[in-house]
Engineer: 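Sending over a structure as C-alpha coordinates; questions will come in a sec.
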Amino acid sequence: MGIRKGLCLAAALWGIFLLAGCTSDADVFNEQGLALYRQGSYAEAVNSFDQAIRTDNQNPEYHVNKGMACLEMGDYENAHSCFDLALRLNGKYQAAYRGNGIAYMEAGSYDEAMNSFNTALACESGRASEAEYDILLYRGETETRMGNYEGAINTYTVLLKAKGEQADFYYLRGVAYVKSGAVEEGIADMDKAISLNPTDYNLYLNCYYCLADAGQAEQGINYLKNALTIGESTTASHKSRGAVHFLLGDYNAALSEFGYEQETADVETLIYIGLCHQSLGDYTSSYEAFSRALELGGENLEVYYQMGMCMFSTGDYAKALEYLAKGLELTGQGNDAHKSEMMYTQALCHERLLQFSEALKAFEAYAALYGSNAELDKEMAFLRTR
(Lines give C-alpha, C1' and ligand atoms only; values in the text may rest on other atoms or scores of the structure.)
Protein backbone atom coordinates (compact mmCIF):
# COMPACT_ATOMS: atom_id res chain seq x y z
CA MET A 1 0.00 0.00 0.00
CA GLY A 2 1.52 3.32 -1.05
CA ILE A 3 1.67 6.75 0.44
CA ARG A 4 0.21 9.78 -1.15
CA LYS A 5 1.27 13.34 -0.72
CA GLY A 6 -1.78 15.54 -1.24
CA LEU A 7 -1.82 18.97 -2.81
CA CYS A 8 -3.02 21.11 0.09
CA LEU A 9 -3.72 24.31 -1.80
CA ALA A 10 -5.81 26.32 0.60
CA ALA A 11 -3.87 25.45 3.73
CA ALA A 12 -1.17 27.93 2.80
CA LEU A 13 -3.81 30.65 2.88
CA TRP A 14 -5.21 29.86 6.33
CA GLY A 15 -3.16 32.58 7.94
CA ILE A 16 -4.41 35.47 5.83
CA PHE A 17 -6.88 36.50 8.52
CA LEU A 18 -4.33 36.30 11.32
CA LEU A 19 -3.84 40.00 11.77
CA ALA A 20 -1.54 41.72 14.21
CA GLY A 21 -1.95 44.97 16.07
CA CYS A 22 0.87 46.96 17.58
CA THR A 23 -0.25 49.15 20.47
CA SER A 24 -1.97 47.59 23.51
CA ASP A 25 -0.84 44.82 25.85
CA ALA A 26 -3.46 42.60 24.21
CA ASP A 27 -1.89 43.30 20.84
CA VAL A 28 1.51 42.25 22.19
CA PHE A 29 0.10 38.90 23.36
CA ASN A 30 -1.65 38.53 20.01
CA GLU A 31 1.60 39.15 18.12
CA GLN A 32 3.34 36.55 20.29
CA GLY A 33 0.58 34.09 19.43
CA LEU A 34 0.95 34.82 15.73
CA ALA A 35 4.70 34.20 15.88
CA LEU A 36 4.14 30.88 17.64
CA TYR A 37 1.41 29.96 15.16
CA ARG A 38 3.76 30.53 12.22
CA GLN A 39 6.37 28.33 13.93
CA GLY A 40 3.82 25.53 14.23
CA SER A 41 3.68 25.80 18.04
CA TYR A 42 -0.10 25.80 18.14
CA ALA A 43 -0.69 24.92 21.81
CA GLU A 44 1.65 27.71 22.88
CA ALA A 45 -0.07 30.04 20.42
CA VAL A 46 -3.43 29.26 22.05
CA ASN A 47 -1.98 30.27 25.42
CA SER A 48 -0.80 33.60 24.02
CA PHE A 49 -4.15 34.28 22.35
CA ASP A 50 -5.85 33.45 25.67
CA GLN A 51 -3.72 36.12 27.32
CA ALA A 52 -4.76 38.60 24.64
CA ILE A 53 -8.42 37.69 25.20
CA ARG A 54 -8.12 38.05 28.99
CA THR A 55 -6.68 41.51 28.44
CA ASP A 56 -9.31 42.49 25.86
CA ASN A 57 -12.18 40.06 25.29
CA GLN A 58 -14.05 42.41 22.96
CA ASN A 59 -11.75 42.02 19.96
CA PRO A 60 -13.09 39.33 17.59
CA GLU A 61 -9.69 39.05 15.92
CA TYR A 62 -8.15 37.42 18.98
CA HIS A 63 -10.93 34.83 19.17
CA VAL A 64 -10.52 33.98 15.48
CA ASN A 65 -6.76 33.65 15.83
CA LYS A 66 -7.20 31.27 18.76
CA GLY A 67 -9.77 29.32 16.72
CA MET A 68 -7.33 28.93 13.85
CA ALA A 69 -4.68 27.54 16.22
CA CYS A 70 -7.26 25.08 17.60
CA LEU A 71 -8.07 24.08 14.03
CA GLU A 72 -4.44 23.22 13.35
CA MET A 73 -4.52 20.87 16.35
CA GLY A 74 -7.71 19.19 15.13
CA ASP A 75 -9.69 20.59 18.08
CA TYR A 76 -12.81 21.47 16.12
CA GLU A 77 -15.10 21.86 19.13
CA ASN A 78 -13.01 24.61 20.72
CA ALA A 79 -12.39 26.14 17.30
CA HIS A 80 -16.15 26.52 16.79
CA SER A 81 -16.47 28.06 20.26
CA CYS A 82 -13.84 30.66 19.37
CA PHE A 83 -15.43 31.53 16.03
CA ASP A 84 -18.89 31.74 17.59
CA LEU A 85 -17.58 34.13 20.28
CA ALA A 86 -16.12 36.31 17.53
CA LEU A 87 -19.50 36.36 15.77
CA ARG A 88 -21.25 37.44 18.95
CA LEU A 89 -18.96 40.46 18.97
CA ASN A 90 -19.35 41.09 15.24
CA GLY A 91 -22.10 39.26 13.40
CA LYS A 92 -20.55 40.04 10.01
CA TYR A 93 -16.98 39.02 10.81
CA GLN A 94 -16.03 37.16 7.65
CA ALA A 95 -12.97 35.45 9.13
CA ALA A 96 -15.12 33.77 11.78
CA TYR A 97 -17.57 32.34 9.23
CA ARG A 98 -14.60 31.16 7.18
CA GLY A 99 -13.06 29.49 10.23
CA ASN A 100 -16.32 27.74 11.10
CA GLY A 101 -16.55 26.54 7.51
CA ILE A 102 -13.07 25.01 7.65
CA ALA A 103 -13.82 23.30 10.97
CA TYR A 104 -17.07 21.85 9.61
CA MET A 105 -15.35 20.71 6.40
CA GLU A 106 -12.52 18.96 8.22
CA ALA A 107 -15.04 17.23 10.50
CA GLY A 108 -17.04 16.02 7.50
CA SER A 109 -20.09 18.25 8.17
CA TYR A 110 -20.28 19.46 4.60
CA ASP A 111 -23.73 21.06 4.56
CA GLU A 112 -22.79 23.21 7.56
CA ALA A 113 -19.46 24.03 5.91
CA MET A 114 -21.22 25.20 2.74
CA ASN A 115 -23.57 27.40 4.77
CA SER A 116 -20.62 28.98 6.58
CA PHE A 117 -18.61 29.60 3.42
CA ASN A 118 -21.60 31.08 1.58
CA THR A 119 -22.34 33.34 4.56
CA ALA A 120 -18.69 34.40 4.58
CA LEU A 121 -18.91 35.27 0.90
CA ALA A 122 -22.08 37.28 1.57
CA CYS A 123 -20.08 39.43 4.00
CA GLU A 124 -18.12 40.86 1.07
CA SER A 125 -18.81 44.44 0.12
CA GLY A 126 -19.21 43.52 -3.54
CA ARG A 127 -15.52 43.93 -4.33
CA ALA A 128 -13.55 40.82 -5.27
CA SER A 129 -10.70 40.21 -2.84
CA GLU A 130 -8.05 37.63 -2.01
CA ALA A 131 -10.15 36.67 1.01
CA GLU A 132 -13.08 35.89 -1.25
CA TYR A 133 -10.93 33.78 -3.58
CA ASP A 134 -9.60 31.86 -0.58
CA ILE A 135 -13.13 31.11 0.63
CA LEU A 136 -14.10 29.98 -2.86
CA LEU A 137 -11.19 27.54 -2.78
CA TYR A 138 -12.51 26.03 0.42
CA ARG A 139 -16.04 25.95 -0.96
CA GLY A 140 -14.80 24.11 -4.05
CA GLU A 141 -13.00 21.57 -1.87
CA THR A 142 -16.12 21.06 0.22
CA GLU A 143 -18.26 20.57 -2.89
CA THR A 144 -15.80 17.97 -4.18
CA ARG A 145 -15.74 16.12 -0.85
CA MET A 146 -19.53 16.00 -0.63
CA GLY A 147 -19.88 14.74 -4.20
CA ASN A 148 -21.32 17.94 -5.64
CA TYR A 149 -18.93 17.85 -8.58
CA GLU A 150 -20.98 20.16 -10.78
CA GLY A 151 -20.88 22.78 -8.04
CA ALA A 152 -17.12 22.34 -7.63
CA ILE A 153 -16.56 22.67 -11.37
CA ASN A 154 -18.56 25.91 -11.37
CA THR A 155 -16.65 27.26 -8.37
CA TYR A 156 -13.24 26.57 -9.92
CA THR A 157 -14.45 28.03 -13.23
CA VAL A 158 -15.34 31.24 -11.37
CA LEU A 159 -11.84 31.29 -9.88
CA LEU A 160 -10.22 30.76 -13.28
CA LYS A 161 -12.20 33.63 -14.75
CA ALA A 162 -11.47 35.91 -11.82
CA LYS A 163 -7.81 35.05 -11.25
CA GLY A 164 -6.68 33.98 -14.69
CA GLU A 165 -5.04 30.73 -15.71
CA GLN A 166 -3.51 29.11 -12.63
CA ALA A 167 -2.29 25.55 -12.42
CA ASP A 168 -3.93 24.94 -9.04
CA PHE A 169 -7.40 25.85 -10.27
CA TYR A 170 -7.09 23.76 -13.43
CA TYR A 171 -5.91 20.76 -11.42
CA LEU A 172 -8.73 21.04 -8.88
CA ARG A 173 -11.35 21.45 -11.60
CA GLY A 174 -9.80 18.46 -13.36
CA VAL A 175 -10.24 16.38 -10.21
CA ALA A 176 -13.91 17.38 -10.04
CA TYR A 177 -14.39 16.46 -13.70
CA VAL A 178 -12.75 13.04 -13.25
CA LYS A 179 -14.79 12.28 -10.13
CA SER A 180 -17.96 13.26 -12.01
CA GLY A 181 -17.13 10.73 -14.74
CA ALA A 182 -16.00 13.29 -17.31
CA VAL A 183 -12.51 11.81 -17.56
CA GLU A 184 -11.53 13.44 -20.87
CA GLU A 185 -12.40 16.91 -19.58
CA GLY A 186 -10.51 16.16 -16.37
CA ILE A 187 -7.39 15.05 -18.22
CA ALA A 188 -7.55 18.17 -20.39
CA ASP A 189 -7.58 20.35 -17.27
CA MET A 190 -4.75 18.36 -15.66
CA ASP A 191 -2.67 18.66 -18.83
CA LYS A 192 -3.28 22.40 -18.78
CA ALA A 193 -2.20 22.57 -15.13
CA ILE A 194 1.04 20.74 -15.93
CA SER A 195 1.73 22.99 -18.92
CA LEU A 196 1.55 25.94 -16.52
CA ASN A 197 3.72 24.26 -13.86
CA PRO A 198 5.78 21.58 -15.64
CA THR A 199 8.37 21.00 -12.86
CA ASP A 200 5.99 20.31 -9.96
CA TYR A 201 6.44 16.63 -9.12
CA ASN A 202 3.51 16.67 -6.71
CA LEU A 203 1.22 17.81 -9.49
CA TYR A 204 2.15 14.78 -11.62
CA LEU A 205 1.75 12.47 -8.61
CA ASN A 206 -1.66 13.90 -7.72
CA CYS A 207 -2.89 13.56 -11.30
CA TYR A 208 -1.94 9.88 -11.12
CA TYR A 209 -3.66 9.37 -7.76
CA CYS A 210 -6.85 11.05 -8.97
CA LEU A 211 -7.04 8.89 -12.09
CA ALA A 212 -6.08 5.71 -10.23
CA ASP A 213 -8.85 6.34 -7.68
CA ALA A 214 -11.28 6.67 -10.60
CA GLY A 215 -10.20 3.34 -12.08
CA GLN A 216 -8.08 5.01 -14.77
CA ALA A 217 -4.63 3.99 -13.51
CA GLU A 218 -3.34 3.23 -17.00
CA GLN A 219 -3.91 6.82 -18.05
CA GLY A 220 -2.48 8.01 -14.76
CA ILE A 221 0.78 6.13 -15.41
CA ASN A 222 1.50 8.54 -18.26
CA TYR A 223 1.83 11.33 -15.68
CA LEU A 224 4.29 9.26 -13.65
CA LYS A 225 6.44 8.57 -16.71
CA ASN A 226 6.38 12.24 -17.69
CA ALA A 227 7.45 13.23 -14.17
CA LEU A 228 10.69 11.30 -14.65
CA THR A 229 11.66 13.66 -17.49
CA ILE A 230 12.06 16.56 -15.03
CA GLY A 231 15.79 17.17 -14.75
CA GLU A 232 16.09 18.64 -11.27
CA SER A 233 18.67 17.29 -8.79
CA THR A 234 17.62 18.42 -5.34
CA THR A 235 16.77 16.49 -2.19
CA ALA A 236 13.06 17.11 -2.80
CA SER A 237 13.29 16.00 -6.43
CA HIS A 238 15.10 12.76 -5.51
CA LYS A 239 12.34 12.01 -2.98
CA SER A 240 9.64 12.71 -5.56
CA ARG A 241 11.32 10.59 -8.23
CA GLY A 242 11.63 7.84 -5.65
CA ALA A 243 7.89 8.01 -5.07
CA VAL A 244 7.29 7.85 -8.83
CA HIS A 245 9.53 4.79 -9.24
CA PHE A 246 7.77 3.15 -6.28
CA LEU A 247 4.37 3.63 -7.89
CA LEU A 248 5.74 2.26 -11.18
CA GLY A 249 6.92 -0.85 -9.30
CA ASP A 250 10.64 -0.21 -9.85
CA TYR A 251 11.67 -0.59 -6.20
CA ASN A 252 15.41 -0.71 -6.73
CA ALA A 253 15.30 2.54 -8.71
CA ALA A 254 13.18 4.04 -5.94
CA LEU A 255 15.70 3.01 -3.28
CA SER A 256 18.48 4.51 -5.38
CA GLU A 257 16.67 7.87 -5.41
CA PHE A 258 15.88 7.70 -1.69
CA GLY A 259 19.53 6.85 -1.07
CA TYR A 260 20.45 10.48 -1.72
CA GLU A 261 18.87 11.40 1.63
CA GLN A 262 19.23 8.22 3.67
CA GLU A 263 20.81 10.00 6.63
CA THR A 264 18.39 12.94 6.63
CA ALA A 265 15.25 11.15 5.47
CA ASP A 266 11.93 12.30 6.91
CA VAL A 267 9.15 10.03 8.15
CA GLU A 268 7.42 9.80 4.78
CA THR A 269 10.64 8.89 2.97
CA LEU A 270 11.46 6.24 5.58
CA ILE A 271 8.02 4.69 5.08
CA TYR A 272 8.64 4.60 1.33
CA ILE A 273 12.02 2.95 1.94
CA GLY A 274 10.38 0.39 4.20
CA LEU A 275 7.72 -0.36 1.61
CA CYS A 276 10.32 -0.79 -1.11
CA HIS A 277 12.28 -3.30 0.96
CA GLN A 278 9.03 -5.06 1.88
CA SER A 279 8.04 -5.33 -1.78
CA LEU A 280 11.48 -6.82 -2.51
CA GLY A 281 11.00 -9.37 0.29
CA ASP A 282 13.62 -7.85 2.60
CA TYR A 283 11.56 -7.64 5.77
CA THR A 284 14.56 -7.00 8.03
CA SER A 285 15.49 -3.80 6.17
CA SER A 286 11.81 -2.90 5.95
CA TYR A 287 11.38 -3.18 9.71
CA GLU A 288 14.54 -1.11 10.30
CA ALA A 289 13.19 1.70 8.10
CA PHE A 290 9.80 1.68 9.82
CA SER A 291 11.51 1.68 13.22
CA ARG A 292 13.54 4.74 12.25
CA ALA A 293 10.35 6.43 11.12
CA LEU A 294 8.75 5.71 14.49
CA GLU A 295 11.77 7.07 16.37
CA LEU A 296 11.82 10.19 14.23
CA GLY A 297 8.12 11.00 14.14
CA GLY A 298 6.77 9.52 17.35
CA GLU A 299 3.38 7.79 17.43
CA ASN A 300 2.14 7.59 13.88
CA LEU A 301 -0.82 5.61 12.56
CA GLU A 302 0.76 5.00 9.15
CA VAL A 303 3.99 3.70 10.69
CA TYR A 304 2.21 1.42 13.18
CA TYR A 305 0.11 0.07 10.33
CA GLN A 306 3.14 -0.65 8.18
CA MET A 307 5.08 -2.25 11.07
CA GLY A 308 2.11 -4.43 11.94
CA MET A 309 1.72 -5.62 8.37
CA CYS A 310 5.48 -6.20 8.09
CA MET A 311 5.49 -8.37 11.21
CA PHE A 312 2.43 -10.25 9.96
CA SER A 313 4.25 -11.02 6.70
CA THR A 314 7.21 -12.44 8.63
CA GLY A 315 4.96 -14.60 10.80
CA ASP A 316 5.69 -12.70 14.01
CA TYR A 317 2.01 -12.47 14.91
CA ALA A 318 2.53 -11.42 18.53
CA LYS A 319 4.63 -8.43 17.45
CA ALA A 320 2.13 -7.64 14.71
CA LEU A 321 -0.67 -7.53 17.29
CA GLU A 322 1.36 -5.08 19.38
CA TYR A 323 1.78 -2.61 16.53
CA LEU A 324 -1.74 -3.02 15.17
CA ALA A 325 -3.20 -2.35 18.64
CA LYS A 326 -1.14 0.84 18.95
CA GLY A 327 -2.27 1.95 15.50
CA LEU A 328 -5.92 1.28 16.25
CA GLU A 329 -5.63 3.41 19.40
CA LEU A 330 -4.77 6.34 17.10
CA THR A 331 -7.70 5.88 14.70
CA GLY A 332 -10.65 8.21 15.06
CA GLN A 333 -8.40 11.26 14.75
CA GLY A 334 -9.20 12.08 11.15
CA ASN A 335 -7.21 9.23 9.58
CA ASP A 336 -9.00 5.89 9.67
CA ALA A 337 -7.91 4.80 6.19
CA HIS A 338 -6.27 1.59 7.44
CA LYS A 339 -8.66 0.76 10.27
CA SER A 340 -10.62 -2.02 8.56
CA GLU A 341 -7.50 -3.82 7.32
CA MET A 342 -5.84 -3.48 10.73
CA MET A 343 -8.85 -4.95 12.51
CA TYR A 344 -9.09 -7.86 10.09
CA THR A 345 -5.37 -8.58 10.33
CA GLN A 346 -5.61 -8.39 14.12
CA ALA A 347 -8.20 -11.18 14.04
CA LEU A 348 -6.02 -13.28 11.73
CA CYS A 349 -3.07 -12.86 14.10
CA HIS A 350 -5.11 -14.18 17.04
CA GLU A 351 -6.27 -17.13 14.97
CA ARG A 352 -2.74 -18.06 13.88
CA LEU A 353 -1.60 -17.83 17.49
CA LEU A 354 -4.43 -20.33 18.25
CA GLN A 355 -6.16 -17.68 20.39
CA PHE A 356 -9.55 -18.70 19.05
CA SER A 357 -11.82 -16.82 21.46
CA GLU A 358 -9.87 -13.59 20.89
CA ALA A 359 -9.97 -14.19 17.13
CA LEU A 360 -13.76 -14.67 17.23
CA LYS A 361 -14.25 -11.45 19.20
CA ALA A 362 -12.01 -9.56 16.76
CA PHE A 363 -13.86 -10.90 13.70
CA GLU A 364 -17.22 -10.07 15.32
CA ALA A 365 -16.04 -6.54 16.06
CA TYR A 366 -14.91 -6.22 12.43
CA ALA A 367 -18.24 -7.52 11.11
CA ALA A 368 -20.19 -5.13 13.35
CA LEU A 369 -18.37 -2.17 11.81
CA TYR A 370 -17.89 -3.24 8.20
CA GLY A 371 -20.46 -5.96 7.61
CA SER A 372 -20.00 -9.65 6.99
CA ASN A 373 -19.84 -11.94 3.96
CA ALA A 374 -20.07 -15.65 3.29
CA GLU A 375 -16.35 -16.25 3.88
CA LEU A 376 -16.31 -14.30 7.14
CA ASP A 377 -19.50 -16.00 8.37
CA LYS A 378 -17.87 -19.38 7.66
CA GLU A 379 -14.74 -18.33 9.55
CA MET A 380 -16.70 -17.18 12.61
CA ALA A 381 -18.82 -20.35 12.57
CA PHE A 382 -15.61 -22.41 12.59
CA LEU A 383 -14.16 -20.42 15.49
CA ARG A 384 -17.32 -20.95 17.56
CA THR A 385 -16.61 -24.68 17.45
CA ARG A 386 -13.07 -24.34 18.81
Engineer: For residues 150-164, which side-chain donor-acceptor pairs fall under 3.5 Å, sequence neighbours excluded?
Structural biologist:
residue : atom : partner : partner atom : Å
Asn154  : ND2  : Glu150  : O            : 3.3
Thr155  : OG1  : Arg139  : NE           : 3.4
Thr155  : OG1  : Arg139  : NH2          : 3.2
Thr155  : OG1  : Glu143  : OE1          : 2.7
Thr155  : OG1  : Gly151  : O            : 3.1
Tyr156  : OH   : Gly140  : O            : 3.4
Tyr156  : OH   : Glu141  : N            : 3.1
Thr157  : OG1  : Ile153  : O            : 2.7
Thr157  : OG1  : Arg173  : NH1          : 3.1
Lys163  : NZ   : Glu130  : OE1          : 3.2
Lys163  : NZ   : Glu130  : OE2          : 2.8

Engineer: Side chains of residues 221-230: which donor-acceptor pairs under 3.5 Å do they make with residues two or more places apart or in other chains?
Structural biologist:
residue : atom : partner : partner atom : Å
Tyr223  : OH   : Asp191  : OD1          : 2.7
Asn226  : ND2  : Asn222  : O            : 3.1
Thr229  : OG1  : Asn226  : O            : 2.5

Engineer: Give every residue pair that meets the salt bridge (charged side-chain N to carboxylate O under 4.0 Å, His left out) criterion with at least one member in residues 304-319, sequence neighbours excluded.
Structural biologist: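 Qualifying pairs, neighbours excluded: Lys319-Glu322.
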Engineer: For the aromatic rings, using the six-membered ring if either is Trp, is the centroid distance between Tyr317 and Phe312 under 6.0 Å?
Structural biologist: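 Centroid separation for Tyr317 and Phe312: below 6.0 Å.
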Engineer: Output all residues satisfying side chain to side chain donor-acceptor pair (under 3.5 Å) with Glu299, sequence neighbours left out; order by chain, then residue number.
Structural biologist: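 Checked Glu299 against side chain to side chain donor-acceptor pair (under 3.5 Å); zero matches.
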Engineer: Which residues pass the side chain to side chain donor-acceptor pair (under 3.5 Å) test with Asp50, not counting sequence neighbours?
Structural biologist: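 With neighbours one apart ignored, the set is Lys66.
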Engineer: Who are the ring pair (Phe, Tyr, Trp, His ring centres under 6.0 Å) partners of Tyr42, not counting sequence neighbours?
Structural biologist: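 So Tyr42 forms a ring pair (Phe, Tyr, Trp, His ring centres under 6.0 Å) with Tyr37.
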Engineer: Mind checking what makes side chain to side chain contact (heavy atoms under 4.5 Å, CB included) contact with Ala182, not counting sequence neighbours?
Structural biologist: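 Only Tyr177, Ser180, Glu185 meet the side chain to side chain contact (heavy atoms under 4.5 Å, CB included) criterion with Ala182.
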Engineer: What residues, two or more places apart in sequence or in another chain, satisfy side chain to side chain donor-acceptor pair (under 3.5 Å) together with Tyr251?
Structural biologist: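 Scan of Tyr251 (side chain to side chain donor-acceptor pair (under 3.5 Å), adjacent residues dropped) gives none.
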Engineer: Not counting sequence neighbours, list each pair that qualifies as a salt bridge (charged side-chain N to carboxylate O under 4.0 Å, His left out) and has a residue in residues 356-384.
Structural biologist: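 Only Glu364-Arg384 qualify under salt bridge (charged side-chain N to carboxylate O under 4.0 Å, His left out).
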Engineer: With Phe117, which residues qualify under ring pair (Phe, Tyr, Trp, His ring centres under 6.0 Å), at least two apart?
Structural biologist: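 In terms of ring pair (Phe, Tyr, Trp, His ring centres under 6.0 Å), with neighbours along the sequence ignored, Phe117 is linked to Tyr138.
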Engineer: Applying salt bridge (charged side-chain N to carboxylate O under 4.0 Å, His left out), which residue pairs with at least one partner in residues 77-93 are found, sequence neighbours left out?
Structural biologist: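 Of all non-adjacent pairs touching residues 77-93, none passes salt bridge (charged side-chain N to carboxylate O under 4.0 Å, His left out).
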Engineer: Can you run down the salt bridge (charged side-chain N to carboxylate O under 4.0 Å, His left out) pairs that involve residues 272-284, sequence neighbours left out, and say none if there aren't any?
Structural biologist: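 Those involving residues 272-284 do not exist here.
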